[in-house]
Each structure stands twice: as structure tokens, then as C-alpha cells.
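For the single chain, residues carry numbers from 1 onward in sequence order. Just the heavy atoms: all of them, side chains too, but no hydrogens, waters or symmetry mates, feed the values below.
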Amino acid sequence: MTAHHHASHTHAPAHAEPDPDLSPTEYWEQRYSGSERIWSGKVNATMASVVSELAPGTAIDLGCGEGGDVLWLAEQGWTALGLDISATAVGRARDEAAARGLDGASFEAVDLDAWEPEPASVDLVTASFFQSSVALERIAILRRAMTALRSGGRLVTV
């Protein structure tokens, strides 16, 4: 149900239609636990191009997957929080942040349909390839995410 990304022109393997009996959490857990790594681990190039023009601050990445964008943000001096529905993906992202010594990168497993951000708390909200094969209320999630932006903050979607 959350976005998953970072395949810099590398596509994930094709998957059959999702089982309609699976919840979004079950679907994404199956997807991530079914392989060692799904995405490249690299930042989304379009997002990086846009964000590299901004002064570092605090950021939230919606549907962070295995964390490529959040890791890049932290390497650029941002304090970045990645949110994803899959605990497996979040665990991989945390492990990679620890391996790189990135204190500015943190991750939480959360269902974005139920997520309520702290108002006016961040400078940037990102969402790369924010789509899903299972239920995802993108517009409602993005509207809520915009409430997290401080005055002058940016929402970057790819």
C-alpha cells in the first residue's frame, strides 16, 4: 500500500495480481520477504535533482521501501524519516543506515492510511513512485502529509 521505489531504471520483477484476501500489510510483507532485496538502494534521480537545490532540514519520505531516498537525504545533511508499511523493508533500511553510520536516517513501519503527521514539523515531504498494487488512498495521504510541512516547506512527488 505504500510507495516503493529506487530502481533508477531497474524494474522489480513482474508480479501476479495481488491476492484480494491479503491486507496491504500482508501483501507488502510477502513482497519484501520473498526476496533478499527488491530495489537498487539508490536514490531516485529525479527526486535528488530537485532536492539538491534545497538547504538541508528535516524530511519525511512516504513509502520509503528499503530506504534509498532517506539514506541519500541523510548523506546530504538532512534529518530524514522513512515511513513504510513493511516491517521487513524498514528493517533493511535501518540495517543499511547503521552500516553507513547515518544517524540522520530513521525509519518506522506504519500504515500510511492511518498515519497522522505532527503538524508543521518538517521542511520536506517526498514520495517517489507512490503507487501500490493494493489499496492506497494517495490523495488523502498526501493531503495529510502536507499538514506536516512548515511554512515554506516542499512536497516532492515523482
Inset, instruction - Could I get the full list of side chain to side chain contact (heavy atoms under 4.5 Å, CB included) partners for Ala59, not counting sequence neighbours? - result: Leu73, Trp78, Ala80, Leu124
Inset, instruction - Output the distance between atom CG (Leu102) and atom OG1 (Thr79), rounded to the nearest 0.5 Å. - result: 11.0 Å
Inset, instruction - Identify the two heavy atoms, one from Gly82 and one from Cys64, that lie closest to each other, and give their separation to 0.1 Å. - result: C-SG, 3.5 Å
Legend entry - Any donor-acceptor N or O pair under 3.5 Å, side chains Ser128, Asp69: yes
Legend entry - Contacts of type side-chain hydrogen bond (donor to acceptor under 3.5 Å, both in side chains), residue Glu108, not counting sequence neighbours: none
Legend entry - Pairwise distance CD1(Ile60) to CG(Leu83) - rounded to 0.5 angstrom: 6.0 Å
Inset, instruction - Please examine the side chains of Phe130 and Leu62, heavy atoms only from C-beta on, and report whether any two atoms are closer than 4.5 Å. - result: yes
Inset, instruction - Can you sort out the partners of Ser121 under side-chain hydrogen bond (donor to acceptor under 3.5 Å, both in side chains), two or more places apart, ordered by chain and number? - result: none
Legend entry - Partners meeting salt bridge (charged side-chain N to carboxylate O under 4.0 Å, His left out) with Glu116 (sequence neighbours left out): Arg144
Inset, instruction - Please tell me if the side chains of Asp84 and Phe107 come closer than 4.5 Å, counting only heavy atoms from C-beta onward. - result: no
Inset, instruction - Side-chain contact test, heavy atoms from C-beta onward, threshold under 4.5 Å: evaluate it for Leu81 versus Val70 and give yes or no. - result: no
Inset, instruction - List for me each residue that meets side-chain hydrogen bond (donor to acceptor under 3.5 Å, both in side chains) alongside Glu75, sequence neighbours excluded, and say none if there are none. - result: Arg100
Would you tabulate the side-chain donor-acceptor contacts of residues 45-58 under 3.5 Å, counting partners in other chains and residues two or more places apart, or write 'none'?
| from | atom 1 | to | atom 2 | distance (Å) |
| --- | --- | --- | --- | --- |
| Ser52 | OG | Ala48 | O | 3.2 |
| Ser52 | OG | Ser49 | O | 3.0 |
| Thr58 | OG1 | Asp123 | N | 3.3 |
| Thr58 | OG1 | Asp123 | OD2 | 3.2 |
| Thr58 | OG1 | Arg150 | NH1 | 3.0 |

